[in-house]
Amino acid sequence: MTTRRSAAHWGAFTAHERDGKLVAVTPFEHDPHPTPLNSVWPEMLTSPMRVARPVARKGWLAKDGGAARGDDEYVSLPWDEALDMAAGEISRVRGQHGNSALFAGSYGWSSAGRVHHARTLIRRFYNSIGGFTDQVTNYSYGAAMAFMPRVVGVHNAVGSSLTSFTTIRDHCDVMLAMGGIPAKNWEVNSGGFGQHRYEPFLDGITNSTRVINVSPYRGDIENRFPSEWLPIRPNTDTALLLAIMQVLIADGTHDEAFLARYCVGADRLVAYLTGASDGEVKSPDWASPITGIPADEIAALARSLVGKRVLVTANWSLQRARHGEQPYWAIIALASMLGQVGLPGGGFAFGYGSSNGMGNPRYDTPLYGLPAGKNATGFAIPCARVTDLLLNPGQSFRFDGKTYTYPEIKLIHWAGGNPFHHHQDLNRLRDGFRKPETVIVNECYWTATARHADIVFPATTALERNDIGGASRDPYILAMQQVLPPVGEARNDYDIFAALAERLGGAEAFTEGRTTDDWVRFAWDQISARLTRNGLEPPDFEAFWEKGYFEMPDPKDNYVMFAAFRDDPEAHRLPTPSGRVELYSADVEAMTGPGVPGHPAWLDPEEWLGAPRAAIYPIHLLTPQPARRLHGQMDWSAHSREGKVRGRELLKINPADAAMRGIEDGDNVRLFNDRGACFAVAKIDDGLVRGCALLPTGATYDPDGTTDRNSNPNVLTRDIGTSELGQGSSAQSCLVEVEKFTGELPELRVNRPPVQHETAT
Ligand SMILES: Nc1nc2c(c(=O)[nH]1)N[C@H]1C(S)=C(S)[C@@H](COP(=O)(O)OP(=O)(O)OC[C@H]3O[C@@H](n4cnc5c(=O)[nH]c(N)nc54)[C@H](O)[C@@H]3O)O[C@H]1N2
Ligand SMILES: Nc1nc2c(c(=O)[nH]1)N[C@H]1C(S)=C(S)[C@@H](COP(=O)(O)OP(=O)(O)OC[C@H]3O[C@@H](n4cnc5c(=O)[nH]c(N)nc54)[C@H](O)[C@@H]3O)O[C@H]1N2
Ligand SMILES: [Mo]
């Protein structure tokens with residue numbers, strides 16, 4: 001038995017190999033709470049769902065114009081022929097239509113390990129041959145990325161450096177957690193990491209702090225941790241927060257001195273809260289029918305915050321909704337009205353519920369990935385506007401205060417992402433994917449995206465190559481040691497792109513003369529230099545590789561966001577136009593879209609329980625992250641399948657909503673709206689608010705017309721930007737109807753690879 005160390009986005013592990021087979025995976029010895037997600041590897045490394053060889057789509061070889069994409073058979077090709085074909089297409093499109101007709105933003109999580117990060121490598125490759133149409137921002141918090149810098153000057157208040165756990169434990173009286181702090185999301189962190197820290201985080205906080213889970217779903221904080229549940233209708237948090245502020249203003253218990261010294265625009269917000277600006281008082285009576293929370297509970301909650309150390313938080317899903325900026329802005333405003341910003345364990349923060357390590361001390365663990373290089377086209381779309389780009393060439397769109405025009409895309413190339421997992425309104429995306437002349441995908445598995453490609457290159461997984469993994473909020477830099485030779489004919493993305501670059505004149509720029517193992521050593525040199533600059537004594541590469549990890553010293557920090565600003569707002573002005581927290585922002589007013597005011601406001605989320613559309617589609621469907629996998633990855637594994645019934649995901653639904661529809665626990669159900677339909681199995685759960693149901697993402701899209709034979713909620717979600725400012729994903733604004741399904745569930749086709757022929761004839 002030989003052991004090697006490796007890591008996934010869900011944690012580090014040791015792989016045990018015998019006679020060329022991966023026989024077991026055991027957790028990293030320093031992980032206090034390892035995840036069962038790593039159990040997938042022995043099964044999935046050599047699964048029949050791996051893409052084994054380079055292939056081309058039959059219809060594409062016969063020049064069908066793309067109509068059968070997603071519904072076709074494949075022909076195996078020798079590597080050189082497949083590379084020649086792909087390079088030929090890239091070269092032809094580049095020559096005929098220019099580099100911006102090449103779309104290769106390739107949004108997606110790829111694998112852990114920074115040297116072989118597929119999404120970086122594909123962008124580096126296209127930059128080496130003259131550029132391409134790229135994607136910017138992310139699906140996780142796209143609305144916040146554009147919006148936070150305008151009102152608090154930085155966007156890392158949503159991603160990286162949050163007020164540390166220790167200061168919450170030691171100082172916070174009340175944590176108002178919008179969307180809770182779900183345990184499942186702490187299973188993962190991009191890049192790989194050594195320690196799952198959910199247990200100590202919640203244990204520590206809930207023992208000393210009143211934690212309120214404000215959410216449509218009670219399970220957003222597990223009931224083994226003492227907390228209160230305040231059920232709320234989805235997408236209505238802004239109304240609740242406004243009403244809390246209105247009570248503070250009416251009672252005169254808001255912190256006027258804080259607002260005057262640290263904020264601008266409080267007067268405009270106050271005029272809105274009191275109704276002076278629009279004739280409507282944002283009182284608890286006003287918010288109650290919107291949120292579904294009794295008015296006296298809202299008033300009591302507001303009064304219970306006064307004089308306390310309060311931390312108002314939200315997870316990322318709140319802003320993945322139409323007008324997703326508003327709940328975040330309202331949280332910033334409430335924390336300011338309570339005078340809490342910059343105090344230990346107080347203020348606001350976003351993302352404690354959203355991935356592992358949030359609230360950890362600031363390790364600032366150095367990592368190194370290859371530079372992506374510079375894009376000569378200079379053009380990128382906000383990532384969630386992908387279908388608009390494909391369907392609407394020549395159309396203009398607004399983003400982050402500017403106007404742009406979509407180019408016409410002739411070739412798509414994806415590596416390390418799964419748009420047929422991640423995008424909203426998949427049937428519309430399918431129309432978009434059928435337009436270009438050629439679609440190329442590098443994949444390890446036969447995902448729905450690979451099945452929509454004309455050329456598929458089989459890519460190695462992290463276990464088939466050497467790499468270095470880690471995450472800045474985790475103390476471990478991880479050696480990722482190749483466990484097995486590449487499975488089938490798989491090649492590293494790096495080698496695929498190097499071969500394409502060779503054919504297209506970008507080889508030198510892409511490789512800089514290095515092999516992947518040269519890059520791994522180079523990466524360690526860069527990491528090691530940074531460690532040395534920080535006063536540490538890193539081992540040489542051999543010693544690091546032999547030991548398998550480097551552990552950062554504990555910084556013992558008690559980081560508090562905006563503490564320096566609170567200390568001295570003149571010396572530490574925020575990088576906003578006013579230098580302060582903007583409760584009114586002329587930029588946001590001008591950039592968000594027509595009719596949107598420049599302060600936090602209740603804006604109709606369009607698809608929610610108070611919408612006219614709810615008369616036809618009365619269930620608000622939430623589509624959170626799945627507990628038993630990362631997104632669509634490893635959906636075929638036993639661990640993922642064990643969470644399903646009859647091969648379908650569970651739809652959590654409130655008992656009254658189920659009873660009205662004659663649905664019993666364990667029944668097959670069909671979810672539908674005017675965009676599509678899919679299947680699930682009902683799981684009756686009294687921890688959901690009335691009118692709200694929950695279906696996790698990640699089941700592999702298996703289209704039959706606009707119906708998904710499987711349980712992918714993205715056939716139902718709406719494909720519209722959060723607003724013109726951030727153009728993020730608004731997946732959480734979605735209305736559906738649910739019915740008991742008495743017919744026979746359709747057979748799933750995506751659980752076996754597509755038909756592959758040896759030759760085209
Ligand atoms: N309805 C709804 N939709 C959502 C969300 C939601 O809340 N609701 N959340 C959104 C969010 S926040 C996100 S981040 C996205 C996630 O969307 P994605 O990041 O696109 O999802 P993944 O399934 O992680 O896709 C990564 C793909 O890369 C492949 N891969 C892994 N390693 C390699 C490699 O080394 N080389 C190559 N070539 N391929 C590799 C994997 O097999 C997998 O298919 O989903 C979004 N979609
Ligand atoms: N196991 C696992 N963990 C993951 C991932 C995964 O795929 N699997 N994906 C990772 C990624 S890429 C990301 S971006 C993060 C995402 O992290 P988040 O965005 O924080 O997580 P979600 O699971 O989408 O949503 C969490 C909860 O928010 C609640 N919620 C939804 N809408 C509303 C609302 O309008 N108001 C309120 N108050 N609550 C609401 C829902 O009840 C839901 O259960 O998770 C990461 N963690
Ligand atoms: Mo995400």
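When a residue number appears, it is its place in the shown sequence, counting from 1. First listed ligand is number 1; within each ligand, the first listed atom is number 1. The structure displayed is predicted, hence computed values, not measured ones.
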Atoms of ligand 1 less than 4.0 Å from [X] heavy atoms?
{"X": "Ala459", "answer": "36 (N), 37 (C), 38 (N)"}
{"X": "Tyr107", "answer": "14 (S)"}
{"X": "Asn418", "answer": "20 (O), 25 (O), 44 (O)"}
{"X": "Asp493", "answer": "34 (C), 35 (O), 36 (N), 37 (C), 38 (N)"}
{"X": "Arg465", "answer": "35 (O)"}

Arg320 to Tyr141, cation-pi by 6.0 Å centre distance and 45° axis angle: no

Cation-aromatic face contact Arg124/Phe510, 6.0 Å, 45 degrees: yes

Heavy-atom contacts under 4.0 Å between [X] and ligand 1: side chain, backbone, both, or neither?
{"X": "Thr460", "answer": "backbone"}
{"X": "Ser111", "answer": "both"}
{"X": "Asn714", "answer": "side chain"}

Qualifying residues under side chain to side chain donor-acceptor pair (under 3.5 Å), relative to Arg428, sequence neighbours excluded: Asp388, Asp719

Any His117 heavy atom less than 4.0 Å to ligand 1: no

Cys444 to ligand 1, any heavy atom closer than 4.0 Å: yes

No-hydrogen, no-angle side-chain donor-acceptor test under 3.5 Å, [X] and [Y]:
{"X": "Ser227", "Y": "Asn213", "result": "no"}
{"X": "His323", "Y": "Asp604", "result": "no"}
{"X": "Asp31", "Y": "His196", "result": "yes"}

Plane angle bin for Phe457 and Trp79 - parallel if under 30°, tilted between 30 and 60°, otherwise perpendicular: parallel

Nitrogen or oxygen of Thr447 less than 3.5 angstrom from that of ligand 1: no

Any N/O pair Thr717/ligand 1 closer than 3.5 Å: no

Using modelled atom types only, decide if a donor and an acceptor are shared between the side chain of [X] and the backbone of [Y] within a distance under 3.5 Å.
{"X": "Tyr701", "Y": "Asn714", "answer": "no"}
{"X": "Glu464", "Y": "Val487", "answer": "yes"}
{"X": "Asn418", "Y": "Gly108", "answer": "no"}

Non-neighbouring partners of Arg718 that pass side-chain contact (heavy atoms from CB on, under 4.5 Å), sequence neighbours left out: Arg322, Glu606, Glu607, Arg675, Ile720

Mind listing the N or O contacts between ligand 2 and protein, cut-off under 3.5 Å?
{"residue": "ligand 2", "atom": "1 (N)", "partner": "Lys184", "partner atom": "O", "Å": "3.0"}
{"residue": "ligand 2", "atom": "1 (N)", "partner": "Pro626", "partner atom": "O", "Å": "3.0"}
{"residue": "ligand 2", "atom": "3 (N)", "partner": "Lys184", "partner atom": "O", "Å": "3.3"}
{"residue": "ligand 2", "atom": "7 (O)", "partner": "Gln625", "partner atom": "OE1", "Å": "3.4"}
{"residue": "ligand 2", "atom": "7 (O)", "partner": "His631", "partner atom": "N", "Å": "2.8"}
{"residue": "ligand 2", "atom": "8 (N)", "partner": "Pro626", "partner atom": "O", "Å": "2.9"}
{"residue": "ligand 2", "atom": "8 (N)", "partner": "Arg629", "partner atom": "O", "Å": "2.9"}
{"residue": "ligand 2", "atom": "9 (N)", "partner": "Gln625", "partner atom": "OE1", "Å": "3.4"}
{"residue": "ligand 2", "atom": "9 (N)", "partner": "His631", "partner atom": "NE2", "Å": "3.3"}
{"residue": "ligand 2", "atom": "17 (O)", "partner": "Asn185", "partner atom": "ND2", "Å": "3.2"}
{"residue": "ligand 2", "atom": "19 (O)", "partner": "Ser317", "partner atom": "N", "Å": "2.8"}
{"residue": "ligand 2", "atom": "19 (O)", "partner": "Arg320", "partner atom": "NH1", "Å": "3.0"}
{"residue": "ligand 2", "atom": "19 (O)", "partner": "Arg320", "partner atom": "NH2", "Å": "3.0"}
{"residue": "ligand 2", "atom": "20 (O)", "partner": "Trp316", "partner atom": "N", "Å": "3.4"}
{"residue": "ligand 2", "atom": "20 (O)", "partner": "Ser354", "partner atom": "OG", "Å": "2.8"}
{"residue": "ligand 2", "atom": "21 (O)", "partner": "Asn185", "partner atom": "ND2", "Å": "2.7"}
{"residue": "ligand 2", "atom": "23 (O)", "partner": "Lys184", "partner atom": "NZ", "Å": "2.7"}
{"residue": "ligand 2", "atom": "23 (O)", "partner": "Asn185", "partner atom": "ND2", "Å": "3.3"}
{"residue": "ligand 2", "atom": "23 (O)", "partner": "Gln625", "partner atom": "N", "Å": "3.0"}
{"residue": "ligand 2", "atom": "24 (O)", "partner": "Arg320", "partner atom": "NH2", "Å": "2.8"}
{"residue": "ligand 2", "atom": "25 (O)", "partner": "Ser317", "partner atom": "OG", "Å": "3.4"}
{"residue": "ligand 2", "atom": "28 (O)", "partner": "Asn315", "partner atom": "ND2", "Å": "3.1"}
{"residue": "ligand 2", "atom": "28 (O)", "partner": "Ser317", "partner atom": "OG", "Å": "3.0"}
{"residue": "ligand 2", "atom": "30 (N)", "partner": "Ser317", "partner atom": "OG", "Å": "3.4"}
{"residue": "ligand 2", "atom": "35 (O)", "partner": "Asn235", "partner atom": "N", "Å": "2.8"}
{"residue": "ligand 2", "atom": "35 (O)", "partner": "Asp237", "partner atom": "OD1", "Å": "3.4"}
{"residue": "ligand 2", "atom": "36 (N)", "partner": "Asp237", "partner atom": "OD1", "Å": "2.8"}
{"residue": "ligand 2", "atom": "36 (N)", "partner": "Asp237", "partner atom": "OD2", "Å": "3.4"}
{"residue": "ligand 2", "atom": "38 (N)", "partner": "Gly179", "partner atom": "N", "Å": "3.3"}
{"residue": "ligand 2", "atom": "38 (N)", "partner": "Val214", "partner atom": "O", "Å": "2.9"}
{"residue": "ligand 2", "atom": "38 (N)", "partner": "Asp237", "partner atom": "OD2", "Å": "2.7"}
{"residue": "ligand 2", "atom": "42 (O)", "partner": "Asp220", "partner atom": "OD2", "Å": "2.5"}
{"residue": "ligand 2", "atom": "44 (O)", "partner": "Asp220", "partner atom": "OD1", "Å": "2.7"}
{"residue": "ligand 2", "atom": "44 (O)", "partner": "Asp220", "partner atom": "OD2", "Å": "3.3"}
{"residue": "ligand 2", "atom": "45 (O)", "partner": "Ser354", "partner atom": "O", "Å": "3.0"}
{"residue": "ligand 2", "atom": "47 (N)", "partner": "Asn185", "partner atom": "O", "Å": "3.1"}

All salt bridge (charged side-chain N to carboxylate O under 4.0 Å, His left out) counterparts of Asp425, not counting sequence neighbours: none

